[in-house]
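To start, the structure under review is shown below, and the notes come after it.
Chain letters run A, B, ... following the sequence lines, proteins first and then strands; every chain starts at 1. What you see below is based on every heavy atom in this structure, not just the backbone, and it leaves out hydrogens, waters and symmetry mates.
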Amino acid sequence: YDENNQVVPTSIIPLIDGGTEGFKGNARVIMHGYTSCIECTLDLFPPQVNFPQCTIANNPRLPEHCVEWVTSILWPKEKPFGPDVNIDGDSIEHIQWIVEHATKRANEHNITGINFRFTQGVVKRVIPAVASTNAVIASICATEVFKLATSSVLLMNNYTMFNDIEGIYMLTYPPEKREDCPICSNVPVRVQINETAKFQELVDQLIEKYQLIAPLICTQIDGKSKTLYMTSTKQMLELTKPHLRMTLQELGLANGIELLVGDPARASSMRVIISLTSSMETITAK
Amino acid sequence: MSKSSIPGTKQIQYDRQLRLWGDHGQKALESGRVCLIGANALGTEILKSLVLPGLGSFTIIDHQLVTIDDCGSNFFVHPSMIDQSRARVTCELLTQLNPDVHGIYIDKPSIDDLLQQNTFDFSQFNVVITANLSINTLNILAHHLWILKIPLLVARTYGFIGTIRLQVFEHYVIEVHPDDTIPDLRLDRPLITFANYCNSIDFKSLTREEHLHLPSIIILFKTLQLWQEQYNSKSLPQTRSEKDEFRKILEQLLHHSAYDIHDKEKLLENFEEAKRTIPSRLVKTNIPSTIKDLFQDRSCLELSDQTNIFWFVIHAIKLFTENEGQGLLPVRGEVPDMITNTNSYIKILKIYQEQATKDCEIVNKYFFDLLQKYNRLPDECIIACDLVETYCKNAAFLRVLRTTAINSENYLIDETESNLSWYTCLHLCDLFYEKFRRYPGEFLSDETQFETDLIDLKQINRKSVSGKDLTSDNKQQILEELCRYGASELHSIAAFIGGCCAQEAIKLITHQYVPIDNTLIYNGIEQSINVFKL
């Protein structure tokens with residue numbers, strides 16, 4: 001982006017991305033700043049399927065529950081291949097051990113359906129795949145690169161979904177670009193937090209919402225830059241750790257202040273504007 | 001190949017796809033025989049996606065030699081191979097991809113001569129695939145295969161455009177694998193064992209634990225019983241007010257004497273699940289119209305000793321629904337997971353599974369009786385066991401696919417702005433080829449040649465569209481673009497059509513998943529697809 005907040009065309013590196021799962025696949029052409037990017041549509045991804053703990057521990061009903069019980073409860077307890085040996089999904093011995101114990105548990109509960117292939121599928125979270133779908137999605141990506149290189153025809157706009165389970169179906173449409181996307185727009189993100197909250201809460205909220213690993217947070221207060229949180233060196237960790245226990249007020253973070261958040265999970269820093277709410281507002285917002 | 005023992009090398013190699021079509025699907029694929037006519041980039045891309053998953057065998061028919069043009073678009077030929085037999089070269093390289101696959105090639109006589117001599121046996125193949133075959137040869141081949149009742153896939157790439165046309169007399173899809181299904185729980189026509197089980201539960205004397213873990217399906221059934229009693233009905237709540245009444249009764253069941261004051265705010269997950277699943281559980285059980293059509297199909301009603309086994313099973317299922325099934329298909333026997341304790345879930349699962357097994361046995365008996373009646377017993381005995389079970393499990397989704405013959409395609413006047421225009425214009429290019437023995441824009445000697453070709457092409461368009469002049473702007477642009485392509489073959493477009501076409505062939509060989517019906521047009525400019533039933 002230039003000083004007028006306009007995208008600089010020569011700075012764009014097009015990103016062509018594709019993925020497949022069984023008979024389904026997708027592909028997209030991203031021109032950051034013009035089209036939507038992966039972050040813009042991140043919340044469209046469905047959450048991972050996880051079984052609740054009480055089902056695994058007390059009420060198994062499906063063969064998957066029995067396998068999960070072995071991998072998450074029995075294995076850490078018995079450590080069958082050594083004290084520090086984790087489950088290796090490709091090891092036949094590991095999988096056999098899991099099959100044996102999952103079958104025992106299954107038999108205790110009259111559950112059927114456990115075998116080697118099934119178990120390995122659950123342990124490795126196997127995604128089925130076929131040559132044809134991969135060929136199709138790869139070809140779409142290649143065609144788009146070809147178009148870019150030759151300027152012979154217009155590029156795809158900009159996201160495609162493919163499915164050949166029943167007949168063959170393909171839908172191409174441009175998902176909307178998020179105006180305040182932390183990655184491709186130059187607009188800061190707004191985060192709401194209660195005015196009496198501690199800094200720890202704000203850090204947790206940012207980590208959860210943007211899937212951060214070890215954020216570095218700094219800001220400008222009265223013209224001077226201040227590091228609020230940093231964990232990369234022991235020294236800085238010690239210095240900034242007390243901040244977590246302080247309230248936002250104590251740290252000097254007023255309503256509308258802009259923070260700069262960097263993180264190993266992100267290529268560039270995020271601009272975050274804090275919006276303080278009173279207790280009443282926070283409850284109704286929920 | 002069994003799933004319970006340690007996997008063999010083949011099972012490890014094919015693990016990812018075995019999870020899609022199972023051991024029996026893989027077995028069918030490994031006995032599959034495919035014929036490819038045209039070892040160009042498109043042809044080899046199609047075979048690639050068949051060889052990698054373990055196709056049994058293929059035969060390539062192509063009399064041409066490798067040219068420099070081929071090297072520009074085909075991964076499977078190399079400049080060092082120029083002037084060698086294209087069929088031989090590609091056959092060798094393709095079999096390298098998977099040593100388990102058996103490949104042979106025929107580079108003389110040409111396909112035209114083979115068809116003329118009429119000594120080649122096409123019925124040895126499960127599927128015949130053509131890749132950019134010229135229209136004259138294609139018409140003869142299509143007619144021949146239509147008579148033989150062998151499925152034909154016609155694949156084509158032309159610049160950024162690709163098409164696939166399926167011609168099949170009759171194809172059966174046994175395992176459709178629908179993406180999303182409503183479970184076959186039959187709350188409106190409850191299984192006797194299920195109703196008995198529910199009635200045996202004394203709601204009032206449930207303990208706290210039992211109430212907390214009451215399966216949502218039992219909650220819904222109980223509510224339904226109360227609702228039916230209260231409103232003197234034998235069916236499901238239909239109107240808005242009836243559904244509201246239903247929900248009220250459900251809410252009342254939430255309260256139970258086993259709970260004390262401390263539990264007041266407790267969220268009962270099983271009741272939440274019951275409320276959430278009302279739309280998919282409280283549905284009318286019936287036979288889908290597609291299945292009713294199958295029951296009424298001539299092939300089902302007029303069995304003979306020539307009829308395919310598929311119709312025998314359909315007829316057996318029909319007899320079941322008319323008798324023991326009381327108007328319904330055999331029970332599927334699957335119960336979705338629900339929030340409850342192990343014992344309750346397993347008990348319910350067993351009820352449905354046992355009923356499914358019982359129903360299947362009855363269908364099996366009808367099936368055997370029919371086989372006996374029409375003297376089919378000796379050959380079919382061996383396969384029958386598993387077969388009927390698969391049909392019963394998928395009874396609600398069984399499908400028959402019958403397409404038109406390619407030769408009977410009437411060139412419809414295309415009024416739409418969709419991809420169909422590309423297909424009809426490609427046909428005009430074929431007419432150009434018939435007249436001039438080359439495609440428009442191909443072999444351009446100079447600038448003016450392009451203009452001349454374009455004019456000729458437009459002339460053909462005007463001649464073929466009798467009466468009205470239907471050359472819209474869109475069509476004019478398409479004709480010009482096609483002329484620009486000059487029948488060129490882009491590898492990435494070939495890869496796309498290759499992948500799609502290979503998967504269609506796998507669907508035909510395994511009888512799993514529904515194939516296209518019957519023409520696919522791929523537009524690589526917009527990245528869009530349309531499937532038309534021509």
Check whether any side-chain N or O of B/H511 sits under 3.5 Å from a backbone N or O of B/V173 as a donor-acceptor pair, and report yes or no.
-> no
Using a cut-off of under 4.5 Å on heavy-atom pairs, state which of B/V176, B/I339, B/N343, B/L52 scores highest against chain A.
-> B/I339
Looking at A/L154, A/V126, A/D164, A/T172, which makes the most heavy-atom pairs under 4.5 Å with chain B?
-> A/V126
Between A/Q96 and chain B, which part of the residue has a heavy atom less than 4.5 Å away: side chain, backbone, both or neither?
-> side chain
Does one side chain, of A/H32 or A/E39, offer a donor that lies under 3.5 Å from an acceptor on the other?
-> no
Where on A/T143 is there a heavy atom nearer than 4.5 Å to chain B: the side chain, the backbone, both, or neither?
-> both
Partner chain A: residue of B/V531, B/D179, B/L349 with the largest heavy-atom pair count (under 4.5 Å) = B/D179
Tell me, for B/I525 versus chain A, whether the close heavy atoms (under 4.5 Å) come from the side chain, the backbone, both or neither.
-> both
B/R16 versus A/I127, closest heavy-atom pair with distance = CD-O, 3.2 Å
Ignoring hydrogens and geometry, is there a side-chain-to-backbone donor-acceptor pair from A/N134 to A/V130 under 3.5 Å?
-> yes
State, yes or no, whether a side-chain contact exists between A/K24 and A/I165 at a heavy-atom distance under 4.5 Å.
-> yes
Hey, which of A/A129, A/A142, A/A131, A/A138 has the most heavy atom pairs under 4.5 Å with chain B?
-> A/A129
Which heavy atom of A/A135 sits nearest a heavy atom of B/G499, and at what distance?
-> CB-CA, 4.2 Å
Measuring heavy-atom distances to chain A, does B/D517 have an atom under 4.5 Å in its side chain, in its backbone, in both, or in neither?
-> neither
What one should report as the nearest heavy-atom pair of B/I509 and B/L29 is CG2-CA, 4.0 Å
Any idea which of A/L62, A/L155, A/T55, A/T160 has the most non-hydrogen atom pairs under 4.5 angstrom with chain B?
-> A/L62
Heavy-atom distance under 4.5 Å to chain A: side chain of B/Q527, backbone, both or neither?
-> both
Output yes when B/E489 and B/R156 qualify as a salt bridge under the 4.0 Å nitrogen-oxygen rule, no when they do not.
-> no
Which of the residues B/P178, B/C501, B/S528, B/C500 is involved in the greatest number of heavy-atom pairs with chain A at under 4.5 angstrom?
-> B/C500
Pair A/S132, B/S49: side-chain N/O donor-acceptor within cut-off below 3.5 Å = no
Hey, mind stepping through B/S216 and B/N270 against side-chain hydrogen bond (donor to acceptor under 3.5 Å, both in side chains) and telling me if it holds?
-> CA-CA 5 Å; B/S216 56; B/N270 51 347; over 6 Å; no
Quick one: do B/D337 and A/R61 make a salt bridge, cutoff under 4.0 Å?
-> yes
Does any heavy atom of chain A fall under 4.5 Å from the side chain of B/L490, the backbone, both, or neither of them?
-> side chain
Nearest heavy-atom pair of B/Q512 and B/W21: which atoms, and what distance?
-> NE2-O, 3.0 Å
Between A/I95 and chain B, which part of the residue has a heavy atom less than 4.5 Å away: side chain, backbone, both or neither?
-> neither
Against chain A, label B/H491 side chain, backbone, both or neither, depending on which of its atoms sit under 4.5 Å from a heavy atom there.
-> neither
Which bit of B/S344 comes within less than 4.5 Å of chain A, counting heavy atoms only: side chain, backbone, both or neither?
-> neither
Aromatic plane relationship, A/F81 with A/W75 - under 30° parallel, 30 to 60° tilted, over 60° perpendicular | parallel
Would you check if the distance from the ring center of A/W69 to the ring center of A/H65 is below 6.0 Å?
-> no
May I ask you to name which of B/I516, B/I46, B/T340 has the most heavy-atom pairs under 4.5 Å with chain A?
-> B/T340
Without hydrogens or angle criteria, can the side chains of A/Y159 and A/N26 be said to hold a donor-acceptor pair below 3.5 Å?
-> yes
Which atoms of A/I92 approach chain B - backbone, side chain, both or neither, heavy atom under 4.5 Å | side chain
Which one of B/E526, B/K48, B/K507 has the most heavy-atom pairs closer than 4.5 Å to chain A?
-> B/K507
What part of B/I493 gets closer than 4.5 Å to chain A, counting heavy atoms only: side chain, backbone, both or neither?
-> both
Of the backbone (N, CA, C, O) and the side chain (C-beta and beyond), which part of B/N530 lies under 4.5 Å from a heavy atom of chain A, both, or neither?
-> neither
So, A/N158 side chain and A/V29 main chain: donor-acceptor pair closer than 3.5 Å or not?
-> yes
Hey, are B/N341 and A/N59 close enough side-chain-wise for a donor-acceptor pair under 3.5 Å?
-> no
Top residue by heavy-atom pair count (under 4.5 Å) with chain A, among B/E45, B/R399, B/E481?
-> B/R399
Tell me, side chain or backbone of A/N157 under 4.5 Å from chain B's heavy atoms, or both, or neither?
-> neither
Residues in residues 157-165 of chain B near chain A [non-hydrogen atoms, under 4.5 Å] | B/F160
